[in-house]
Amino acid sequence: MDSHRIIREAEGEVWVSCKIPGKPTIRGSLTSKGISSDEVPEVTASEEFVVQEVTKNRITVSCPGENISCTFLSPYASFSHIHGKNVSYLDISSGGDLGVSSSTDQTFKVWETHNTEVKSVLEGHTRDVFSCKFFPSGQEVLSGGLDSLVKVWSVNDGSCLATMKGHRGSILDIAVVADGQNVISSGQDGTARLWDSAQGACIAVVDDSYSPINAIAVAEVGNAVNLGSPKETPSNREVGTEGKLVVLAREDKSLEGVSLHSRQSVFDFEGSDAFNCCTFISSVGVLAGGLDGNIIHVDIRNPKSAVETVSWSETPVLSLVPFRDTYVASYGNGTCYIPLKGSEQVLQLTGPNRQPVFQVAAWKKLVYTCCRDGFIRKYEIPDLG
């Protein structure tokens with residue numbers, strides 16, 4: 001689906017599809033007949049769709065006979081000069097002024113979001129970086145990758161502040177706990193580890209299983225569930241773990257919640273395929289995306305069955321990120337969806353032409369994506385509720 005060409009070009013035709021979970025996928029075409037004097041394309045649709053609204057960067061269509069609509073949103077900025085190819089991960093700082101991204105060309109950089117200029121190049125990993133995230137301060141970056149190392153970096157000068165060793169395989173995901181005195185990593189070796197980020201020392205192995213842990217998410221859940229009590233006195237290096245649950249998304253189709261403080265298992269959910277990603281959407285709600293394209297919504301207070309299972313695509317879910325009162329999901333076929341709560345309406349981000357979108361990051365009204373085609377794309381999400 002390449003509907004952004006209709007917005008950008010004076011003439012042309014593209015095939016598009018509108019997918020609402022639980023309903024058949026509706027496929028048709030959009031055709032641009034030219035650009036008006038106010039730079040808005042004149043768009044017509046095949047009989048499957050009715051064009052509802054056209055602006056400079058988006059097209060909204062509805063489907064006759066079905067109470068559904070789809071808005072195709074084009075990026076207002078896209079750039080490939082930071083890496084050049086296959087951008088595999090990105091994150092945006094809490095202040096929104098900085099981005100960090102990594103590529104399979106083994107480059108790993110911090111850049112300014114307002115002008116995309118590179119601020120620092122982070123050099124020290126010997127192989128690909130699979131995950132990189134800002135600390136809440138925005139002054140440090142956490143990373144992990146194929147070399148089995150977890151590292152902490154200074155944003156200002158690109159220096160490595162700490163290196164954590166202990167995993168016996170690739171680092172698949174990382175998370176910052178509270179203000180960042182502690183961090184968590186998960187790996188191909190089936191372990192999740194809690195670290196002292198300043199000393200670069202492992203505080204505890206939170207989980208040790210035979211199956212690779214593809215993704216982790218940590219959040220404060222308070223008294224929503226019984227997190228148990230530690231069997232041994234926690235280390236004085238352990239900071240901010242009380243009341244927190246870490247969710248482990250595994251290759252063996254399991255989604256497990258573990259108390260970060262007591263290390264006790266809180267729930268274990270069996271999915272339909274390997275889980276690639278997970279995120280909290282509330283203090284009690286978890287989303288997990290699978291290899292089969294399913295997104296599972298689990299309530300940690302009653303995890304025996306899913307609250308909801310949706311599928312926007314039959315290709316693997318590659319990332320899930322909370323956004324406003326909903327979420328952004330990216331897929332292996334290049335599609336990105338933002339479902340609008342309480343209505344059968346979906347926002348679809350355009351640009352990648354069937355190239356996997358590996359990661360999504362959000363800040364206020366902005367959504368950033370990174371793709372195998374080497375582009376980082378920036379979208380301003382309108383109020384469509």
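Predicted model, so just to flag it, every value in this text is computed and none were measured.
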Quick check: are there more than 12 heavy atoms from other residues, nucleotides or ligands sitting under 6.0 Å from [atom1] of [X]?
| X | atom1 | value |
| --- | --- | --- |
| Asn223 | CG | no |
| Glu270 | CD | yes |
| Glu112 | CD | yes |

Under 4.0 Å between a Lys/Arg side-chain N and an Asp/Glu carboxylate O for [X] and [Y]?
| X | Y | value |
| --- | --- | --- |
| Lys133 | Asp173 | yes |
| Lys85 | Asp373 | no |
| Lys244 | Glu220 | yes |

Within the distance-only criterion (no hydrogens, no angle test), does the side chain of [X] pair as donor or acceptor with the backbone N or O of [Y] below 3.5 angstrom?
| X | Y | value |
| --- | --- | --- |
| Thr326 | Pro339 | yes |
| Thr309 | Ile296 | no |
| Ser131 | Gly144 | no |
| Thr113 | Asp97 | yes |
| Asn182 | Arg237 | yes |
| Asp273 | Leu291 | no |
| Lys109 | Ile82 | yes |
| Ser170 | Leu172 | no |
| Ser262 | Leu227 | yes |
| Thr71 | Leu347 | no |

Nearest 0.5 Å, what's the [atom1]-[atom2] distance between [X] and [Y]?
| X | Y | atom1 | atom2 | result |
| --- | --- | --- | --- | --- |
| Asp208 | Arg263 | CG | CZ | 13.5 Å |
| Trp195 | Thr163 | CH2 | OG1 | 10.0 Å |
| Arg354 | Cys371 | CZ | SG | 12.5 Å |
| Leu142 | Ile174 | CG | CD1 | 3.5 Å |
| Gln359 | Ser101 | CD | OG | 11.5 Å |

Aromatic ring pairing Trp153/Phe108, orientation class (parallel under 30°, perpendicular over 60°, tilted between) = perpendicular

Side-chain donor-acceptor pair present, [X], [Y], cut-off under 3.5 Å:
| X | Y | answer |
| --- | --- | --- |
| Ser137 | Glu140 | yes |
| Asn156 | Ser154 | no |
| Gln52 | Ser62 | yes |
| Ser272 | Asp292 | yes |
| His261 | Glu238 | yes |
| Ser265 | Glu256 | yes |
| Asn57 | Thr55 | yes |
| Thr335 | Ser313 | no |
| Ser148 | His167 | no |

Test side chain to side chain donor-acceptor pair (under 3.5 Å), reference Arg250, set Ser186, Ser211, Ser209, output is Ser209

Working for side-chain hydrogen bond (donor to acceptor under 3.5 Å, both in side chains), residues Gln181 and Asp179 = CA-CA 6 Å; Gln181 293 183 64; Asp179 64 358; 3.2 Å; yes

Connected via hydrophobic side-chain network under 4.5 Å: Leu320 and Ile281 | yes

Common cluster, Phe267/Phe280, ILVMFWY with side-chain heavy-atom separation under 4.5 Å | yes

Any side-chain heavy-atom pair from Val286 and Ile300 closer than 4.5 angstrom?
-> yes

Is the distance between the ring centroids of Trp363 and Tyr368 less than 6.0 Å?
-> no

